[in-house]
Amino acid sequence: MNTDLREQIRETAAQICSCMKFTVAVEIGEDEEGFLVVFSGKDSEFLLQKNGDVLNSLEYVLNRIFSDRLKKDLKITTDANDFRRIRREELCLIAEKASEKVGNYGTTINLQAMPPHERRIIHMALKDNPKVKTVSEGMGEDRKVIIMPSR
Amino acid sequence: MKELIEMIAKALVDNPEQVNVREVVGEQTTVLELRVAQSDLGKIIGKQGRTARAIRTLLGAAGMKLRKRFVLEILE
């Protein structure tokens, strides 16, 4: 892939952080989805406030800045202090607990609003569970997963 | 924080030379007034205001570390 673009993305991410007076190291790698920007160091925890809201905002801004230069199916993902992996485990646990309740009591559970990739993790975690089905409802930032009995 | 807004705005718009940020420093709160070319307003605000909201979140996080409040105003 384009090493120029890669370095530009890293540079821009580092610049934004230094403008925010955050002391962080920025590394960039490539994965199947596109580029993965990883922050580490002293101030990286500031990026994880509000359930990763800051990290997600940074990701969104980077994608907007480079959207013209990225190919259609590529995107920039951000991570810090292993947040994405930990959050994934957390979401799988939430999915499991909620689906147990739905399976046992036949109630419907609305999860809290989540960004698209987090909703996807919930859907994927429960897609093979015969007792429940999942749908997303709501608009934009308020979109949430609803877990209901499959019948 | 002026540099942060200037840097992000310039990277987002088609006419970076028309990006202008004015910093109004208050005791607790600092207001950042951002002006861009009329045709670039959409790029700064984004679909349903998502880009503007993301920039404000970054500003808020930076403020949290400095224990100050920053407000972004996008002027037409």
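Atom set for the values below is all heavy atoms of this structure, side chains included, hydrogens, waters and symmetry mates excluded. On a predicted model such as this, the values are computed, not experimentally measured, just so you know. Convention: sequence-line order gives letters A, B, ...; per-chain numbering from 1.
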> Which value, rounded to the nearest 0.5 Å, describes the distance between A:Cys19 atom SG and B:Lys2 atom NZ?
Replying inline: 12.0 Å
>> For B:Arg50, which atoms come within 4.5 Å of any heavy atom of chain A: side chain, backbone, both, or neither?
In response: both
> Hey, any chance A:Val26 and A:Leu48 share a hydrophobic cluster, counting ILVMFWY side chains that come within less than 4.5 Å of each other, even indirectly?
Replying inline: yes
>> Tell me whether A:Lys101 at atom NZ has more than 12 heavy atoms from other residues, nucleotides or ligands lying less than 6.0 Å away.
In response: no
> chain B heavy atoms under 4.5 Å from A:Glu141: which part of the residue, side chain, backbone, both or neither?
Replying inline: side chain
>> The test is side-chain contact (heavy atoms from CB on, under 4.5 Å); show your working for B:Leu59 and A:Met20 and say whether it passes.
In response: CA-CA 8 Å; B:Leu59 207 48; A:Met20 290 169 79; over 6 Å; no
> Relative to chain B, which of A:Cys17, A:Ser18, A:Ser57 shows the most heavy atom pairs under 4.5 Å?
Replying inline: A:Ser57
> Does A:Ile9 belong to the same Ile/Leu/Val/Met/Phe/Trp/Tyr cluster as A:Leu74, with side-chain heavy atoms less than 4.5 Å apart forming each link?
Replying inline: yes
> What option among B:Ile5, B:Leu12, B:Val13, B:Ile55 has the most heavy-atom pairs under 4.5 Å with chain A?
Replying inline: B:Leu12
>> To the nearest 0.5 Å, what is the distance between CG on B:Leu66 and NZ on A:Lys21?
In response: 7.0 Å
> Which heavy-atom pair separates B:Ala54 from A:Tyr60 by the least distance, and what is that distance?
Replying inline: CB-CD2, 4.1 Å
> Are the side chains of B:Met64 and A:Gln49 in touch, meaning some heavy atoms are under 4.5 Å apart?
Replying inline: yes
> Between A:Ile109 and A:Ile146, is there a shared hydrophobic cluster once you connect ILVMFWY residues whose side-chain heavy atoms come closer than 4.5 Å?
Replying inline: no
> Under a 4.5 Å heavy-atom cut-off, does chain A meet the side chain of B:Gln48, its backbone, both or neither?
Replying inline: side chain
> What part of A:Thr12 is in contact with chain B, defined as an atom under 4.5 angstrom from a non-hydrogen atom: side chain, backbone, both or neither?
Replying inline: both
> Should the heavy atoms of other residues, nucleotides or ligands under 6.0 Å from CD of A:Glu27 be counted, would the total exceed 12?
Replying inline: no
> Just wondering, more than 12 heavy atoms not from A:Arg143 lying within 6.0 Å of its CZ?
Replying inline: yes
> Checking side chain to side chain contact (heavy atoms under 4.5 Å, CB included) against B:Thr57, which of A:Val61, A:Leu55, A:Asp53 comes through?
Replying inline: A:Asp53
> What part of A:Asp43 gets closer than 4.5 Å to chain B, counting heavy atoms only: side chain, backbone, both or neither?
Replying inline: side chain
> In terms of heavy-atom contacts, does CD of A:Glu137 have more than 12 from other residues, nucleotides or ligands at under 6.0 Å?
Replying inline: no
> Between atom CD1 of A:Ile16 and atom CD1 of B:Ile8, what is the distance when rounded to the nearest 0.5 Å?
Replying inline: 4.5 Å
> Is there a chain of hydrophobic side chains (I, L, V, M, F, W, Y, each step under 4.5 Å between heavy atoms) that links B:Leu34 to B:Met7?
Replying inline: yes
>> Are B:Leu58 and B:Ile74 linked, directly or through intermediate hydrophobic residues, by side-chain heavy-atom contacts shorter than 4.5 Å (ILVMFWY only)?
In response: yes
